[in-house]
Structure formats: structure tokens, C-alpha cells
Number of protein chains: 2
Amino acid sequence: MSVSTVSKALNDNGRMAADTRERIKNLAAEIGFRPNALARGLLSNRSFTVGLLTNDTYGRFTLPVMAGVSEALVDHGVSVFLCAIEDDPALGKIHVDAMLDKQVDGIIATGKRVDRSLPVDLAGLPVPVVYAFTKGEPGSVTLTSDDGHGARLAAERLKKMGRKRLLHITGPLEFTSAVERAEAFRAVAGGGAPVLHGVWSEAWGHEAIDRIWNTGGERPDGIFCGNDQIARGVVDALRERGVRVPEDVSVIGFDNWEIMAAQTRPPLTTVDMNLKELGREAGLMVLALAEGRTIEPGLRKLPCRLVVRDSCGGGGRQN
Amino acid sequence: MSVSTVSKALNDNGRMAADTRERIKNLAAEIGFRPNALARGLLSNRSFTVGLLTNDTYGRFTLPVMAGVSEALVDHGVSVFLCAIEDDPALGKIHVDAMLDKQVDGIIATGKRVDRSLPVDLAGLPVPVVYAFTKGEPGSVTLTSDDGHGARLAAERLKKMGRKRLLHITGPLEFTSAVERAEAFRAVAGGGAPVLHGVWSEAWGHEAIDRIWNTGGERPDGIFCGNDQIARGVVDALRERGVRVPEDVSVIGFDNWEIMAAQTRPPLTTVDMNLKELGREAGLMVLALAEGRTIEPGLRKLPCRLVVRDSCGGGGRQN
DNA sequence: TTGAAAGCGTTACCAG
DNA sequence: CTGGTAACGCTTTCAA
């Protein structure tokens, strides 16, 4: 029995007697034959391998993205090289070179900030590149979450709960996502709705509440926080002051960082950026590109979703 | 100029005129020549690739392990396939098969629990396997953190701070790590020192403190917690009761889960399992095995280290 | 000191 | 319907 015959049998190629094919397949299965992907790749110029580059070592953003990528690609027999490059350009280059040497079919770049790019130049590479949750080159294929949409979801929910005096406590103005969320929040809450910019920490949530409650001014009855850590600080600070959540004040977070959102008392209603889905799409896109299909370049913003727990009221837990 | 000459020049092989070699190398660099790793692997039977299998999608344990593995191997030109298999045996098999097809030089198995194994059989594979922070087959090469050592570090620290009435609040008895830490704690604190088993959550830390302070019994002045979440619950509960940390009670956590430990008020002194180092060692070990070097099988326990912040007193921050 | 040839494990093509 | 042969890009061996 010749190798070429076996090859054809196993790949359902060419014309041959059905029973020969059957016999070969059975025998192959029996002896546990596995075709060598390296040899196959040498011929086909496809390694069924993609690289995932990240400078997030590894925050809660990259994690779900990676899970989505891997999940989408495993069905296509594609494996994922994980490359953590910190913020080190030299390390980035080493990893990119290694991936190129290994003939990856494509590269997905991801990070911890949508408005920063990785410390490595991915333009002009001989393989397709997709940017997911990190800033891409002009004219590249880029996927991000729709921060404005998420913020709208939150603000609308607060209004639907009958909250009138809405407040947004969020991160620094240098973050595009903070700005976009704030804009969307104001669009729903009214242009005069206050927005407090600080840092992305619990401590800032605490401080913001202290500041407001100690000042004589109007107190909010609905607070949308820029992330779950801030929300946790806010909820804790309110509780310490005897303000009840959600009876007196509704609070909504952002990120749906399970371990934080679920452990807060009460558990946080929060915006989920669907990062796993984002990863999945990114995976499918590099794959398409690798197979020569063409994908319209540009920035795609994926919708968010609201995960309802207890901190906003009205919901019941449905997560 | 023939391919074989070029090959020899680039690999510093064979004998040839130094200047010819130089000339070839320069030219190669100039045109950006990169040898095809697939072709090279076909010949050498080494793909310079290892697989990292995990069922932790992806908790704070697997993350540092992965970082360590990647860091150790990148220096050797080895790339890492990341395979998240959840707890699904079928998915596990798919990933293992994919890795084998791609001729990985070895596999590292890691997970979220030291006393459970992955839902996939890695015995009898044609490539070396190293287990890191997950249970390995009998006779395998396995790396774990030394839970007893970590607990001793914590208990000794509490004693050194002059604490006399030590208490350990930790997770369920079914976890080997909880049991080992408790034993080591008792060995230092005295056999009569109380240990409270519950779950690994903030809420349990809270509840334990409530229970103790509401009962008439003796109150601890030094508390060692089974993880940082419990410690956070404990610290919060104490503060809510007006008990000062660390002035009245010293608290030490476990895991050094930055985002939790650093944001607690006061920041947590806690035990770090050195998981990144563990990952690094695991990486180096598969590599050694892949290169035919031999490694004594058995369970290796790596030491922990105490990260001193403010919750125990006496330290100052040195992290 | 250099080059030609064989071979790694596949697949595609074309003769038999 | 089946099998031989070339080719993928590289390294190694051996002859020139």
C-alpha cells in the first residue's frame, strides 16, 4: 500500500474504491496514526497556528479575550501561541519573530487598554493581523467593545428604575473609554448630569462618596461607576454611611468582573463587555484572513450587555 | 552559492572560510532571511513548541504559572500553546491531540487545585509531561507550592509580632492545601490553636469574625487566613466592629492576589506562593526532558514567601 | 572550502 | 482505481 493512496484515503481525496478507503481509515485509527502537522504545513504553507500577543500580564480583559479566541479556533484545528510581552518592545520583537519563524497563519494583538497600542510594530508583517481590545494601525482590522453602548445600557436602566439624580464616577480623562462612557452617560442622563473623574480604584469610589456626602450639595439616587472596583468602593462607602443599596441609591458597575461583582454586598449589577465574544470574533477573523478571504478593514464596536444582580434594584438575579 | 553552504554558514557548522561565512550572514540579515521552523522541525524532530494545558479559565493561579513558563522558554526559542480545556474531557482530548499533531516537544499541565487532576489522561504520551500546580500521575514530575511552608511563615510572623492568641480561618477540609496549611499553622501556634474551616470567600471571613465576636469566648489577636478573600472579609468585619488592624489584631492572608491584597484597608500582609517561579521551573523541566536529559520523577514543593504590607504590623511596605 | 544529493512526512499530479 | 514521483525548506553527509 503506497503512501499516496493512504494520503488520499485519509483526506477523502481523489477517486478510489470505497472499501479500500474504509480499510485504510480503520487501520490508521487502529495503529493511532497521526499525520505530522509540520510536514503538512511545509507543503500547504498553513501551520494551523496563530499567535496571540498581549501586554496584559494578564488582567481581567485579556483573559476572556484569550478564552474566546481559543474556543473559536479549536474547532478549526487551529492552536494558539500565547505571547506575553509586558510593555517591552524587545520582548515583543522576540516573540513576533518566533511566531513568524513558526509560520503562524496570523496574529491577534490584544491588550489592557483600547486607546494604547502594543509596544511592537505589526504593520507590514507577512501574515494577517487582527487587533482586539487594543489600538490598531490605521487601516487595520480592529475589534473593540462599544463603551458608549455599555454606558447607555447602564444609564437607561437607572432611569427605568425611577432614579432622577444620576451621577457617574469613573476613571481618568486620559482613558478614551472613560470619556466615551461619560459622553454616553450624559446623553442619556442629561447634559447637566455630574461626572467625577478619578482613578480606577476602590479607594476612589470611597473618596468620591465621602466628598459628595460631606458637601452640602444634591445627593444622587443613581450612580453609574466606571468599573466594578469603583462600584465596590461606592457601595461599601454608602453602606458605612447607612445609605441602603439599592433601596436608597441604585449602583451599576462596569466590567462584570465576576469575583468582584459577585462578592460585593449587595452583588453588583454591571455592564459586561462581552470580551469572550470579542475574542471569538477576532479568532474567526484572522482565520478568514489567513484563508485568503477578505475582511473590510476598520474599527468594529461590539455591543455590551447588562448583567443584573442586586445593586440596582428591580432585577432579581438572572446571572 | 548553494543552500548547503548557506545552511552551514548560518548554523556555524562545518568548516568554511571565515569571510564567506561572514558575507553570507550579512546578506541573510540584510534580506531578512528567516529559516522555516517547520522544515527544520521536520528534520530534527523538535518543534520548539510546548503545550500548556489548564482547566482554570483562568484564575489567579494559572496566570502567574503561565507567565513563568512563557518567560523561561522564550529564551530558548520555545513558544507555548495555551489550551484552556475547562473541565471537559472531550475538549481536553481535542487539545492534546492537536498538540501532538503539531509535534510539541512537551506538555505542561496546570490547574486551579493541587489535589485534583485534569480531566484528561496524560500518561503514556509520546512526549514528556510536567505537572505544575495540579495533581500528576504517580511517578510523574510534579511541581507544587509548599503550603506548609507558607503557613509556617505566616504563623511565625504573627508570633514574632507578639501575638499570643492565634486563629486560622480557612477553606473546606476537602482541600488538601487547607489541611496542610492548618497542620503547619498548629505546629507553630500550638496544637490547641483553633482552626475554622468554611469556604474560600469574603463572606465566610465576615461570618467567622461575627461568630467569634458574638460568642463569649476568647478573642484572637492574630489571624491567619486561608486566602486573601477571606482575609479581606475578616479585615472588613473587624473594622466594622471598631477593632483596629493591625493595632488590635494582626491579619495575614494567602495568595498575594495583588488586586485584592493591595486594595484592602489596610493592605494585606500575605503569603505568596511564587507561582511564576513555579511556572519557570516547570518550563525548564519540560525543556530538559525534551532534550533527553533525565529528571528524577516525584513531587517537588517550592517554598513560599511572605509579602509584608500593613495588616500585620511591624513591616512597613516593602513590596 | 564548497556543492550535490538524500531525506524528514506530507500532498498533488500524472502515469500506469 | 492505484502507485510512483516531485516538491515543500531545511540539515547532514559525502564527494569533488
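Sequence lines set the chain letters: A, B, ... in the order given, protein chains first and strands last, and positions in each chain run from 1.
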Worksheet entry | B:Glu22 and B:Lys25 ion-paired at < 4.0 Å | no
Discussion item. Check B:Lys301 with B:Glu180, please: is the shortest side-chain N to carboxylate O separation under 4.0 Å?
Written reply: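 Yes, charged N to carboxylate O under 4.0 Å.
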What does [X] touch in the nucleic acid at a heavy-atom separation under 4.0 angstrom: a base, only the sugar-phosphate, or nothing?
X: B:Asn45; result: nothing
X: B:Thr20; result: sugar-phosphate
X: A:Arg34; result: sugar-phosphate

What integer distance in Å separates [X]:[atom1] from [N]:[atom2]?
X: A:Asn36; N: D:dC8; atom1: CG; atom2: C1'; answer: 13 Å
X: B:Arg23; N: C:dT1; atom1: CZ; atom2: P; answer: 14 Å
X: A:Arg40; N: C:dC8; atom1: CZ; atom2: C1'; answer: 16 Å
X: A:Ile24; N: D:dC1; atom1: CD1; atom2: C1'; answer: 11 Å
X: A:Leu10; N: C:dT10; atom1: CG; atom2: P; answer: 10 Å
X: A:Lys102; N: D:dC8; atom1: NZ; atom2: P; answer: 24 Å
X: A:Glu22; N: D:dT2; atom1: CD; atom2: P; answer: 13 Å
X: B:Lys8; N: D:dC14; atom1: NZ; atom2: P; answer: 13 Å

Discussion item. Can you tell me how the ring of B:Trp200 sits relative to the ring of B:Phe175, calling it parallel under 30°, perpendicular over 60° and tilted otherwise?
Written reply: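 Answer is perpendicular, since the angle exceeds 60°.
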Side chain of [X]: nearest nucleotide among [options]?
X: A:Leu42; options: C:dT2, C:dT11, D:dC8; answer: D:dC8
X: A:Ala17; options: D:dG3, D:dT2, D:dC10; answer: D:dT2
X: B:Thr5; options: D:dT11, C:dG3, D:dG3; answer: C:dG3
X: B:Asn11; options: C:dG3, C:dT11, D:dT11; answer: D:dT11
X: B:Ala39; options: D:dA7, D:dG9, D:dC1; answer: D:dG9

Discussion item. With nearest nucleotide decided by heavy atoms, which residue, A:Val6 or B:Leu43, maps closer to the 5′ end of DNA chain C?
Written reply: B:Leu43
Discussion item. Closest-nucleotide mapping onto DNA chain C: is A:Phe33 or B:Met16 further toward the 5' terminus? I mean the 5' end.
Written reply: B:Met16
Fill in: Below 4.0 Å: OP1/OP2 of D:dG4 and any side-chain N or O of A:Ser4
no
Worksheet item: More than 12 non-hydrogen atoms from neighbouring residues, nucleotides or ligands closer than 6.0 Å to NZ on B:Lys112, yes or no?
Response: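 Atom NZ in B:Lys112 is crowded, with more than 12 foreign heavy atoms closer than 6.0 Å.
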Worksheet item: When you check the side-chain N and O atoms of A:Lys102 and B:Thr49, is any donor under 3.5 Å from an acceptor?
Response: no
